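Input: a single structure, listed below in C-alpha cells.
Since the model is a prediction, treat every value here as computed from it, not as a measurement.
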Amino acid sequence: MTASLPVGLGYLPTGFAFGVLAVQAGLPLWLAMLLSVFVYAGALQFAAIPMLASGAGLAALATTAFLVNLRHLLYALPLLRSLPRARAARAYALAALTDETYSLVTAMPAERRAAMLLPVAAANQAWWVAGTLGGAWLGPTVAAYVPNLQFALPCLFLILAIEQYRAYRRWQPAVVALVCLLGARWALPPAHVLAGALLSALAWLGVQAWHDARRARSDA
C-alpha cells in the first residue's frame with residue numbers, strides 16, 4: 001500500500017470522476033462498479049460512458065476496447081519476466097496491468113519487480129474501485145461543484161509521463177511516440193490514427209527487442 005500510494009493519490013480522484021460522469025450519463029451505480037472491477041481500464045471506461053449511455057452495440061464496444069487497450073501489449077513485454085508463477089496470479093497481474101502500475105513497477109529496481117508487481121496491481125485497483133464507488137454514490141450531489149472532470153485522466157497520464165522521464169532521463173520514447181502519432185495522422189484517416197500510432201510503436205518495440213536479443217547473443 002505504501003508503494004502504491006502515489007498512484008492512489010491519482011486513482012482516487014480519477015476513479016471518482018469516472019463514477020460521477022457515469023451516473024451523470026444515466027448509468028446505474030452497479031454498472032459503474034462492474035466496469036471498475038472487471039474492465040479496470042481508465043481510458044476505456046471513460047470512452048465507454050457515452051457509448052453505453054447511447055445504447056451502442058457489442059461490436060462497437062468490442063472494437064473500441066481492442067483499439068484503446070492495444071497499448072497494453074507494449075506494457076506487458078518488459079514485465080514478462082516479473083510475472084508471478086502461479087497461473088491465477090499471473091492471469092490477474094496481466095489483467096490488472098494498467099499504465100500507472102507499469103509506470104510504478106518499472107521505476108523500481110529490477111530485483112524488486114517480481115515481488116511487487118502483483119500486490120501493487122491489486123492495491124492500485126483497490127484505489128480505483130474505491131474512487132469509483134465514492135463518485136457514483138456522491139455524483140448527483142457533487143457534480144455541480146466539481147467542473148471539468150473529463151480532464152482528470154489526461155492529467156494523470158501527463159503526470160506519469162513526467163515521472164517516467166524523471167526516473168530514467170530518456171527522451172527517446174517521447175520522440176518515438178510523437179513520430180508515430182504524426183506519421184499516423186499524415187497517412188491514415190482520423191478514425192484509424194489511434195490504431196496506426198499504436199501499431200507503429202509496437203513495431204518499433206519489436207525491432208528494439210530483436211536488436212537487444214541479437215546483441216546479447218553476440219556478447220555471449
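- In terms of modelled atom types and a separation under 3.5 Å, the side chain of R113 and the main chain of T106 share a donor-acceptor contact.
- Across all their heavy atoms, L12 and A130 have their closest contact at CD2-CB, 4.1 Å.
- Separation of atoms SG (C180) and CH2 (W204) is listed at 8.5 Å; rounding is to 0.5 Å.
- Separating the CG atom in L117 from the CG atom in L97 is a distance of 7.0 Å, to the nearest 0.5 Å.
- Between the CD1 atom in I49 and the CG atom in L31 there is a gap of 10.0 Å [rounded to 0.5 Å].
- With no hydrogens or angles considered, a side-chain donor-acceptor pair links Y11 and T98 at under 3.5 Å.
- Taking all atoms of both residues into account, the shortest heavy-atom contact from V37 to Q125 is O-NE2, 2.9 Å.
- Summarising the geometry, atom CZ belonging to R112 is positioned 12.0 Å from atom OG belonging to S82; distances are rounded to the nearest 0.5 Å.
- Nearest heavy-atom pair across S36 and F18 is OG-CE2, 3.8 Å.
- The closest side-chain heavy-atom distance from W128 to T14 is below 4.5 Å.
- Taking CG of L133 as the reference point, atom CG of L29 lies at 6.5 Å (rounded to 0.5 Å).
- Under a cut-off of 6.0 angstrom, the local environment of CZ in R185 is sparse, with at most 12 non-hydrogen atoms contributed by other residues, nucleotides or ligands.
- Taking Ile, Leu, Val, Met, Phe, Trp and Tyr as hydrophobic and joining them when side-chain heavy atoms fall under 4.5 Å apart, one finds L58 isolated, its cluster having no other members.
- Clustering ILVMFWY residues whenever any of their side-chain heavy atoms sit less than 4.5 angstrom apart, transitively, puts V179 in a cluster other than the one holding W186.
- Scanning all heavy atoms of the two residues, the minimum distance from A121 to A96 falls at CB-CB, 4.0 Å.
- When all heavy atoms of L27 and A53 are compared, the pair lying nearest together is CD2-N, 4.2 Å.
- Atom CG of N124 is separated from atom CG of L104 by 6.5 Å, given to the nearest 0.5 angstrom.
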